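Notes for the one structure printed next.
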Amino acid sequence: MNYAEAEKLLKSCGQEHVLAYWKKLAKDERRDLLAQVAALDPKSLKRCAAALKTGGDTFDSSKGTAPKVAELAGAERAKAVAAGEKELRAGRVAALLVAGGQGSRLGYDGPKGCYSIGPITGAPLFYFHARKILARTIRYGAPIPFYVMTSEANDAATQRCFEENDFFGLNPKDVFFFTQGMWPGMTKEGKIILDAPGHVFMSPDGHGGLLAALKRSGALDDMKARGIKSVFFFQVDNPLVEIADPAFIGYHVLQKSEYSLKLCAKRDPFEKVGMPMQFGSSYRMVEYSEMTKEQCLRKAGKNLYFRYGSPAIHVFDRAFLAREAAKAMPLHLAFKKIPFVEDGALIKPTEPNGYKFEKFIFDILPNAKRAAFLAFEPKDEFSPVKNAEGSDSPATCQADLQAKWAKWLAAIGVKVPKGIPIEIDPVYALDATDLQKVGLALGSE
Ligand code: UTP
């Protein structure tokens with residue numbers, strides 16, 4: 001792209017100020033700016049500017065009802081596990097990790113997946129995810145391809161972390177990195193923000209950027225070529241997640257669902273989690289900010305009526321993802337402090353001054369022809385690392401990891417004294433039953 005082409009593109013969407021400092025830019029700054037402009041899509045820019053006028057895509061949840069949530073037990077659970085194990089043995093299951101976030105609340109300088117969480121080894125979050133996938137691959141004798149979404153900002157460091165750790169034992173041929181998209185930040189008036197005279201401020205387009213990125217990178221084609229049917233989706237910050245849990249995969253397949261969600265009971269009526277609601281024959285994720293106080297407090301017997309929140313643990317039908325990847329997703333606005341250039345000087349605002357645009361993966365829920373909801377016990381499967389301190393921090397996550405392992409050890413008669421750290425490699429034991437087998441084997445030596 002040359003200057004004239006860039007000017008034409010920017011003029012077509014009212015953003016010609018992006019070239020305001022052109023005359024003062026060095027040769028390589030000009031080249032980089034032209035590359036940034038070439039990557040801008042005028043149609044998307046107009047959509048962003050229009051979203052600012054309407055306040056983004058918001059939703060009236062007042063007519064929502066609570067969906068039916070399964071609590072699998074006994075024979076029903078066994079049936080789901082058998083169906084899931086069949087899928088895993090046939091190699092029809094993939095794991096999909098979104099790891100493109102900025103982790104700003106944790107304040108860690110690097111990809112969140114590289115953050116050290118192992119209570120003894122200090123192993124990173126990626127280690128626990130990859131080793132669980134490896135353990136299931138060994139258990140079921142078929143690969144589980146691992147698709148890892150990164151962002152421009154953390155892609156190189158993420159790939160380096162895998163390489164330096166020999167892919168944590170996984171076959172590199174079964175690990176597929178792909179990068180999510182970036183969107184420019186805008187002022188309240190819908191003007192693109194420059195964070196240097198020759199540079200547009202860009203931020204990741206949210207975990208919903210996943211769909212376009214899966215398509216663009218060829219990951220969807222790769223899944224199809226490998227015969228993948230079910231895609232287990234999870235977030236980087238939760239090392240307790242039961243990746244490709246056979247009961248969940250099996251329930252999803254038996255229900256002929258296109259989009260299945262694991263849900264857990266809210267810890268309090270106003271907990272900040274998304275909540276799936278039913279609207280006639282379809283479902284939609286309603287954000288906590290879109291619920292009224294009455295909805296949050298509504299009771300059904302002893303429990304809350306809207307009892308279950310979503311910790312973003314999903315199973316998707318691959319063909320559903322392919323269908324949705326061709327469509328535009330709703331835009332969500334986040335009002336943030338964005339550094340900007342004024343009269344050639346960089347200013348770091350102390351108050352929010354501009355908008356970032358994000359897409360959320362759960363916005364495709366209403367498009368699913370069939371959806372399924374499965375309750376689970378959060379103590380065993382959910383303890384995210386979000387904040388540096390306090391709730392949902394490394395300290396609470398490590399405590400929850402160790403409580404889970406201590407429970408497994410107690411099941412084989414090992415009582416760990418308080419204060420002694422515990423850590424179990426998922427390849428050594430993926431669950432309590434595995435540990436039981438290892439324990440019995442050791443006992444018989
Ligand atoms: P969060 O909403 O917790 O955001 O992401 P974050 O960026 O990790 O942390 P904060 O809000 O800046 O503190 C939930 C999951 O979605 C991924 C994250 O990597 C995490 O696994 N994510 C989020 C993306 O992959 N891309 C994004 O643009 C945003």
Side-chain angles (χ1 to χ4, degrees), residues 97 99 101 103-136 138-139 161 164-166 168-169 234-243 245 262 264-268 271-273 309 311-313 375-445:
L97 169 64
S104 41
R105 282 170 287 173
L106 182 63
Y108 171 66
D109 188 23
K112 208 191 245 187
C114 301
Y115 187 82
S116 156
I117 200 70
I120 294 174
T121 60
L125 284 160
F126 283 138
Y127 166 92
F128 289 96
H129 301 321
R131 300 290 286 176
K132 282 183 194 178
I133 292 169
L134 178 58
R136 281 223 198 279
I138 295 168
R139 187 183 280 186
C161 178
E164 283 170 1
N165 289 286
D166 290 328
F168 307 102
F234 64 108
Q235 300 193 333
V236 73
D237 47 30
N238 176 25
L240 276 83
V241 61
E242 294 295 343
I243 301 171
D245 163 18
K262 262 197 187 182
C264 53
K266 290 207 287 187
R267 289 177 278 194
D268 73 75
E271 189 177 346
K272 293 183 173 180
V273 286
I313 302 171
F376 77 100
E377 180 49 62
K379 263 205 318 284
D380 294 335
E381 297 182 38
F382 184 58
S383 184
V385 179
K386 296 277 186 200
N387 308 308
E389 279 169 6
S391 63
D392 294 343
S393 65
T396 55
C397 177
Q398 281 191 339
D400 290 336
L401 271 171
Q402 296 190 83
K404 181 170 176 172
W405 290 322
K407 219 159 77 180
W408 296 359
L409 285 163
I412 59 165
V414 179
K415 193 167 177 323
V416 183
K418 241 183 152 185
I420 301 288
I422 313 172
E423 184 173 329
I424 297 177
D425 176 354
V427 174
Y428 183 74
L430 189 54
D431 50 32
T433 323
D434 254 1
L435 201 60
Q436 186 97 37
K437 281 187 208 148
V438 183
L440 288 176
L442 290 178
S444 64
E445 271 172 13

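Everything numeric in this text was worked out from a predicted model, so none of it was measured.
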Who passes ring-ring contact (aromatic ring centres under 6.0 Å, His included) against Y127, sequence neighbours left out? none
Contacts of type side-chain contact (heavy atoms from CB on, under 4.5 Å), residue A403, not counting sequence neighbours: none
Any L435 side-chain heavy atom under 4.5 Å of D431 side chain: no
K437 side chain vs A432 backbone, donor-acceptor pair below 3.5 Å: no
D109 atom CG, neighbour heavy-atom count above 12 within 6.0 Å: no
To the closest 0.5 Å, what do you measure between CG (L430) and CD1 (I424)? 11.0 Å
Do side-chain atoms of K132 reach the backbone of V427 as a donor and acceptor pair under 3.5 angstrom? no
Let me see the working for L106 and K386 under side chain to side chain contact (heavy atoms under 4.5 Å, CB included), right down to the final yes or no. CA-CA 6 Å; L106 182 63; K386 296 277 186 200; over 6 Å; no
side-chain contact (heavy atoms from CB on, under 4.5 Å) filter on C114, not counting sequence neighbours, yields Y108, P111, F126, C161
Identify, with sequence neighbours excluded, every residue that meets side-chain hydrogen bond (donor to acceptor under 3.5 Å, both in side chains) alongside E423. T121
Salt bridge (Lys or Arg N to Asp or Glu O under 4.0 Å) contacts touching residues 116-127 (sequence neighbours left out): none
Holding to side-chain hydrogen bond (donor to acceptor under 3.5 Å, both in side chains), I want the full list of residues that pass it with D434, two or more places apart in sequence or in another chain. R139
Is there a side-chain contact between L125 and Y115, using heavy atoms and a 4.5 Å cut-off? yes
For E271, enumerate each residue passing the salt bridge (charged side-chain N to carboxylate O under 4.0 Å, His left out) test, keeping only those at least two apart in sequence or located in another chain. R267
Hey, would you say the H129 and F168 ring centroids sit under 6.0 Å apart? no
Is there a side-chain contact between P384 and C397 (heavy atoms, below 4.5 Å)? no
Quick one: side-chain hydrogen bond (donor to acceptor under 3.5 Å, both in side chains) partners of D392, sequence neighbours excluded? none
Quick note, salt bridge (Lys or Arg N to Asp or Glu O under 4.0 Å) partners involving residues 111-131, not counting sequence neighbours, are K112-D237, R131-D425
Residue pairs, two or more places apart or on separate chains, that pass side chain to side chain donor-acceptor pair (under 3.5 Å) and touch residues 395-409: E242-K404, D380-K407, S383-D400
Is P311 close to C264 at the side-chain level, that is, under 4.5 Å between some pair of heavy atoms? yes
Can you find a heavy atom in the side chain of L97 that is under 4.5 Å from one in the side chain of I243? no
Evaluate the side-chain proximity of P394 to N387: yes if any heavy-atom separation is below 4.5 Å, no if none is. no
Quick one: list whatever passes side-chain hydrogen bond (donor to acceptor under 3.5 Å, both in side chains) with K262, sequence neighbours left out. D245, E381
Could I get the full list of salt bridge (charged side-chain N to carboxylate O under 4.0 Å, His left out) partners for E377, not counting sequence neighbours? K379
Does any non-hydrogen side-chain atom of F128 lie less than 4.5 Å from one of I117? yes
